[in-house]
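These values consider heavy atoms only, across backbone and side chains, with no hydrogens, waters or symmetry-generated copies.
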There are 2 protein chains.
Amino acid sequence: MRSRTTLGLVLAMAVAAAAGCDRDDRGEAAGPPADGAAPPPAVEVPGTAVAPAATQATPAPTAPTGGEGAADPLRATAQAMFGIIPEAVTALRGQPLSAAQVELGRMLFFDPRLSRSHLITCNTCHSLGTGGADNVPVSIGHGWQRGPRNSPTVLNAVFNAAQFWDGRAADLAEQAKGPVQASVEMNSTPELVVETLNSIPQYVERFAAAFPGAGDAVSFDNMALALEAFEATLVTPGARFDRWLQGDDAAIDATERRGLELFVSSGCASCHNGRNFGGQAYFPFGVIERPGADILPEGDKGRFEVTATATDEYVFRASPLRNVELTAPYFHSGQVWDLEQAVAIMGTAQLGREISGDEAEAIAAFLRTLTGRQPQVEYPVLPPSTARTPRPVAQ
Amino acid sequence: MRSRTTLGLVLAMAVAAAAGCDRDDRGEAAGPPADGAAPPPAVEVPGTAVAPAATQATPAPTAPTGGEGAADPLRATAQAMFGIIPEAVTALRGQPLSAAQVELGRMLFFDPRLSRSHLITCNTCHSLGTGGADNVPVSIGHGWQRGPRNSPTVLNAVFNAAQFWDGRAADLAEQAKGPVQASVEMNSTPELVVETLNSIPQYVERFAAAFPGAGDAVSFDNMALALEAFEATLVTPGARFDRWLQGDDAAIDATERRGLELFVSSGCASCHNGRNFGGQAYFPFGVIERPGADILPEGDKGRFEVTATATDEYVFRASPLRNVELTAPYFHSGQVWDLEQAVAIMGTAQLGREISGDEAEAIAAFLRTLTGRQPQVEYPVLPPSTARTPRPVAQ
């Protein structure tokens with residue numbers, strides 16, 4: 001979609017693509033991965049991907065009988081390509097979400113004792129006060145070391161097909177184990193985490209209640225499952241776009257609507273689709289023109305480091321764009337602070353298309369309609385350490 | 001009180017001392033500083049100090065008519081020396097607490113943009129999940145630099161006569177300005193904070209609403225006042241000791257009661273008194289025997305650095321002991337992790353008295369009855385930065 005096309009043609013193509021697609025988002029009792037689905041060209045799709053499924057939860061499109069309430073082709077297209085964020089996720093991998101796991105996960109998410117220094121929490125880099133990210137170029141961890149990439153938001157991350165910029169974790173439970181162990185992040189080990197949790201009687205009780213029937217309830221795997229359960233609750237329903245998608249014409253204004261049209265007609269939605277507007281599949285950064293090394297550092301080859309496949313050099317997961325106005329700076333390098341500028345860079349790099357300032361403003365205005373209600377989370381009161389709790393190590 | 005005395009004599013002395021004292025705690029519409037009150041020997045009392053006032057909120061002691069409900073001399077003494085934590089603080093310096101300031105302060109308390117790196121919040125070192133402190137020997141701040149002293153808890157800090165280990169801030173508003181500017185903590189400046197807040201329209205609105213009638217509502221002083229207002233809500237009522245003090249005999253057990261008796265009879269309560277069990281006045285660390293340099297580093301001369309008075313060398317504010325079981329490690333150096341050991345060190349250093357293992361256990365058991373209900377705080381959703389917001393600087 002490298003040349004301009006008429007909106008009508010693009011919409012027709014988009015609807016056809018969506019209709020022919022049996023892929024689905026993760027989360028909310030999503031079905032098993034549709035491994036047989038053919039991946040789109042130059043895209044690696046790990047199991048599950050884009051989803052028209054959310055439209056099942058939306059009102060049926062108004063019948064195209066003309067006059068007030070006439071079908072809006074843009075809305076119909078958007079319903080096929082995107083989807084709303086549900087009020088809540090109630091199941092993971094077909095299992096109902098466990099309240100005990102969610103509550104335990106909330107405590108762990110904010111517990112600095114998962115880090116070797118006892119200073120860094122999940123919330124440090126995925127702050128629930130600032131869009132589920134940390135709003136710095138790259139995260140800073142143990143010993144003030146800089147991580148290699150910008151922290152992706154935890155909000156709605158449950159709907160991503162895989163986690164991390166390179167998709168190296170299949171789900172949030174697998175993801176949660178990464179930063180805890182990364183030497184530049186929390187710098188702990190599974191053994192240290194388990195020893196720490198076992199030294200705190202209240203945690204031992206809570207793990208036993210959250211994972212009944214298991215032998216050793218306190219385990220690194222169960223820590224990760226509890227974190228995943230809590231993170232599955234961090235969804236942001238009620239965005240203006242979602243209200244518009246469900247039929248509220250007044251929820252977005254003319255500029256924002258034009259931004260959506262441009263988002264679809266320019267090809268942005270080819271990669272940024274599904275209810276999360278991304279997070280479903282992988283694409284080369286610089287499919288048309290590679291950005292400069294400031295934005296695409298040469299040393300970070302993206303998904304190539306996961307697959308060791310030459311075609312995966314500089315390939316990254318399409319960023320989910322929900323709440324994008326809250327998660328600057330942008331790209332895996334975190335080097336672009338301005339949303340309009342990020343849109344323009346995408347035009348040049350991915351679409352081979354000069355997006356004008358006016359168009360970038362409209363698209364950015366549309367993207368700001370993707371900001372939903374932020375999760376209301378009570379800061380947990382954590383159980384105290386004991387004499388057996390390993391002490392923090394700041395070195 | 002360097003030799004053993006009978007409990008009866010000590011109780012009589014304590015009651016007499018409390019009765020002759022017109023000092024009062026801070027917070028909760030406390031009266032003006034009783035500057036005329038004679039300070040106890042070797043103690044500098046800045047304005048306000050220990051308080052029997054809280055007993056006004058407790059039921060009248062049971063009439064001493066013998067039999068069930070007979071007056072408990074230990075309770076009467078404790079009511080005179082200590083006091084309960086109220087359910088809420090409703091006024092500061094005689095002014096009703098402003099809901100708009102409290103809400104703004106809650107946001108600021110968790111906002112990393114008060115730090116130059118956009119990574120460190122008030123809550124980093126005064127975590128509401130872990131007793132209002134950070135549970136590491138000394139706090140770690142900008143660039144992973146170590147601060148000079150252990151982070152004191154913010155919980156019930158409103159009741160302290162002054163803030164910091166050396167009392168260099170008269171109140172929480174003055175205190176709040178310190179860490180924001182300290183190069184080893186948040187490393188910002190008043191100018192940078194004001195520029196940052198002014199760049200965020202929602203903050204500008206909230207400051208205007210919280211500080212009506214003022215010229216420039218967004219100011220470093222008002223930031224501090226809002227933080228103070230929020231912190232004044234961080235009180236921990238309902239401790240088992242408080243319930244016992246109010247007449248519930250079953251709220252503490254025999255060991256804990258013995259610990260309280262020892263706490264009073266051994267002289268601990270000479271410094272750790274008032275409703276906060278400390279925080280009211282200053283004392284040399286090592287009044288009898290100076291601890292080793294591991295616990296009392298020679299380079300930190302305490303209040304001497306504030307007053308430049310020779311008698312203030314190695315003088316520190318008596319630590320408030322509310323929730324002390326949650327705030328290890330102990331002392332300004334943060335070098336002692338075990339509460340029983342801390343009690344024993346205090347015996348040697350401050351009282352010239354070898355506290356036996358059995359006694360230390362009883363006193364520590366009593367101190368654990370000072371843990372109150374921890375504040376339930378919703379994690380704030382923070383207003384997003386704008387293009388005008390100064391960017392984080394991690395260097």
Using a 4.5 Å cut-off on heavy atoms from C-beta on, say whether the side chain of [Y] contacts that of [X].
{"X": "A:Arg113", "Y": "B:Asn135", "answer": "no"}
{"X": "A:Trp144", "Y": "B:Gln145", "answer": "no"}
{"X": "B:Arg373", "Y": "A:Val381", "answer": "no"}

Between [X] and chain A, with a heavy-atom cut-off of 4.5 Å, which part of the residue counts as in contact: side chain, backbone, both or neither?
{"X": "B:Leu339", "value": "neither"}
{"X": "B:Leu119", "value": "side chain"}
{"X": "B:Pro329", "value": "neither"}

Distance, nearest 0.5 Å, that separates [atom1] of [X] from [atom2] of [Y]:
{"X": "A:Glu378", "Y": "B:Glu378", "atom1": "CD", "atom2": "CD", "answer": "8.0 Å"}
{"X": "B:Tyr379", "Y": "A:Asn123", "atom1": "OH", "atom2": "CG", "answer": "4.0 Å"}
{"X": "A:Trp337", "Y": "B:Thr386", "atom1": "CH2", "atom2": "OG1", "answer": "11.5 Å"}

For this session: Report the option among B:Pro392, B:Ala328, B:Gly143 that has the most heavy-atom pairs separated by less than 4.5 Å from atoms of chain A.
Result: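 Heavy-atom pair counts peak at B:Gly143.
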For this session: Find the one option among A:Ser385, A:Pro112, A:Pro137, A:Ala394 whose heavy-atom pairs under 4.5 Å with chain B are most numerous.
Result: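 Of the candidates given, the most pairs with chain B belong to A:Ala394.
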For this session: Name the member of A:Gln395, A:His118, A:Glu325, A:Met107 that forms the most heavy-atom pairs with chain B at distances under 4.5 Å.
Result: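 Most pairs with chain B among the choices: A:Gln395.
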Exercise. Heavy-atom distance under 4.5 Å to chain B: side chain of A:Ser117, backbone, both or neither?
Worked result: both
Exercise. Yes or no on side chain to side chain contact (heavy atoms under 4.5 Å, CB included) for A:Arg391 and B:Val136, after CA distance, side-chain angles and deciding distance?
Worked result: CA-CA 8 Å; A:Arg391 294 191 184 150; B:Val136 295; over 6 Å; no
